[in-house]
Amino acid sequence: MSVDSRTLGWLTRALTHEMSAVQQYLAQSVLARLWGDPIKAEKFHQEAIEELKHAERLMEHLILLGIAPSAGNLMPARLGRNWDEMLAADHVLEVNAVHLYKDALLHSQRIRDSVTAALLESILSDEIAHIKEIDSMKMEQNERS
């Protein structure tokens, strides 16, 4: 099966991003637990699981295209020294994801790859929802301060 090289590049970048997000949210879950906040620890753990599901969907698509999935170098986890810094790092992570998926989606639409476009559009929708969740968490945190 012939795969557009630029599509492969976008899918690989997306997979790398998702695996980096898993690492960040999982590390933040551990940190929240160590800070004594099991509710936030569980929230970050659930975010890690959702990002892992995105990675799984991307891997499945790559395998169906006949490509062995391979993430590049993962970005270092951004933990933060307090809740505000942690949420700010997560906001940046998710905004970067939205930009990545919008650009990848445009490419897929340009080359009329509807299967890849549908996958990217679905994950993009989830990433936009993540930004809203983080903004809500930031507002809650500010109200407590």
Side-chain angles (χ1 to χ4, degrees), residues 4-65 67-111 113-145:
D4 176 71
S5 63
R6 289 173 293 170
T7 298
L8 179 57
W10 284 115
L11 292 170
T12 300
R13 283 182 61 197
L15 179 57
T16 298
H17 177 83
E18 296 300 337
M19 295 305 291
S20 295
V22 168
Q23 174 179 264
Q24 179 160 318
Y25 285 126
L26 194 56
Q28 289 177 340
S29 173
V30 170
L31 186 58
R33 182 177 47 79
L34 293 172
W35 284 350
D37 193 331
I39 293 170
K40 283 187 178 137
E42 179 59 26
K43 175 66 178 152
F44 287 120
H45 190 263
Q46 290 304 315
E47 288 295 328
I49 290 170
E50 188 165 339
E51 301 295 353
L52 186 59
K53 289 178 183 177
H54 291 164
E56 180 180 26
R57 292 173 63 199
L58 291 162
M59 286 182 187
E60 180 179 332
H61 188 64
L62 285 162
I63 290 168
L64 288 171
L65 292 172
I67 306 295
S70 177
N73 292 328
L74 300 185
M75 297 180 298
R78 305 283 187 229
L79 300 179
R81 294 172 294 196
N82 56 48
W83 296 119
D84 290 335
E85 287 181 11
M86 191 181 293
L87 293 173
D90 294 343
H91 190 269
V92 169
L93 180 76
E94 297 297 347
V95 166
N96 289 341
V98 167
H99 290 301
L100 170 70
Y101 284 106
K102 282 183 177 179
D103 290 344
L105 176 59
L106 284 173
H107 171 75
S108 295
Q109 291 169 335
R110 266 194 309 269
I111 67 166
D113 180 349
S114 60
V115 175
T116 299
L119 171 64
L120 297 170
E121 192 166 28
S122 173
I123 296 174
L124 172 61
S125 175
D126 289 346
E127 301 297 359
I128 291 169
H130 289 169
I131 292 173
K132 291 176 183 174
E133 289 173 31
I134 291 166
D135 289 345
S136 175
M137 290 173 71
K138 286 167 59 174
M139 286 178 49
E140 288 173 17
Q141 187 62 35
N142 290 336
E143 289 172 4
R144 290 185 196 138
S145 300

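This chain uses plain numbering: 1 for the first residue, then up along the sequence.
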**Q** Would you say His91 and Ile131 make side-chain contact, with heavy atoms under 4.5 Å?
**A**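 In short, these two side chains touch, coming nearer than 4.5 Å.
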**Q** Is the count of non-hydrogen atoms from other residues, nucleotides or ligands lying under 6.0 Å from Glu60 atom CD greater than 12?
**A**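 Counting neighbours around CD of Glu60, 12 or fewer heavy atoms of other residues, nucleotides or ligands fall under 6.0 Å, so no.
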**Q** Using the side-chain hydrogen bond (donor to acceptor under 3.5 Å, both in side chains) criterion, which residues pair with Glu18? Sequence neighbours excluded.
**A**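 Partners of Glu18 by the side-chain hydrogen bond (donor to acceptor under 3.5 Å, both in side chains) criterion, ordered by chain and then number, come out as His54, Tyr101.
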**Q** Any sub-3.5 Å donor-acceptor pair from Ser136's side-chain atoms to Lys132's backbone N or O?
**A** no
**Q** Do other residues, nucleotides or ligands put more than 12 heavy atoms under 6.0 Å from the NE2 atom of His45?
**A** no
**Q** Answer whether the closest heavy-atom distance between the side chains of Lys43 and Glu133 falls below 4.5 Å.
**A** yes
**Q** Going by the rule side-chain hydrogen bond (donor to acceptor under 3.5 Å, both in side chains), which residues pair with Thr116 if we only count those two or more places apart in sequence or in a different chain?
**A** His61, Asp113
**Q** When you look at CG of Asn73, are more than 12 heavy atoms from neighbouring residues, nucleotides or ligands closer to it than 6.0 Å?
**A** no
**Q** Within a strict 4.5 Å, meaning less than it, do heavy atoms of the Ile63 and Pro69 side chains meet?
**A**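 Contact flag for Ile63/Pro69 side chains = yes.
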**Q** Can you find a pair of side-chain heavy atoms, one from Gln24 and one from Glu51, that are under 4.5 Å apart?
**A**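 A side-chain contact under 4.5 Å is absent here.
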**Q** Considering only heavy atoms from C-beta outward, does the side chain of Lys53 approach that of Asp126 to under 4.5 Å?
**A**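 A side-chain contact under 4.5 Å is absent here.
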**Q** Drop me the distance from Leu8's CG to Leu62's CG, to the nearest 0.5 angstrom.
**A** 6.5 Å
**Q** Just wondering, do Leu58 and Thr12 contact through their side chains at under 4.5 Å, heavy atoms?
**A** no
**Q** Heavy atoms only: give me the nearest Ser20-Met75 pair and the separation to one decimal.
**A**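 Heavy atoms only, the tightest pair is OG-N, 2.9 Å.
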**Q** What distance do Asp135 atom CG and Asp90 atom CG have between them, rounded to the nearest 0.5 Å?
**A** 11.0 Å
**Q** Report, as yes or no, whether the 6.0 Å neighbourhood of atom NZ on Lys102 holds more than 12 heavy atoms from other residues, nucleotides or ligands.
**A**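 Check fails, neighbour count at 12 or below.
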**Q** To the nearest 0.5 angstrom, please state how far the OG1 atom of Thr16 sits from the CG atom of Leu11.
**A** 11.0 Å
**Q** Are the side chains of Met86 and Leu79 in contact, using a 4.5 Å heavy-atom criterion?
**A** no
**Q** Would one find more than 12 heavy atoms of other residues, nucleotides or ligands at under 6.0 Å from atom CD1 of Ile39?
**A** no
**Q** Mind jotting down which residue pairs meet the ring pair (Phe, Tyr, Trp, His ring centres under 6.0 Å) criterion with at least one end in residues 12-37? Sequence neighbours excluded, please.
**A** Trp35-Trp83
**Q** Glu50 and Gln46: side-chain donor and acceptor closer than 3.5 Å?
**A**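 No donor-acceptor contact under 3.5 Å links the two side chains.
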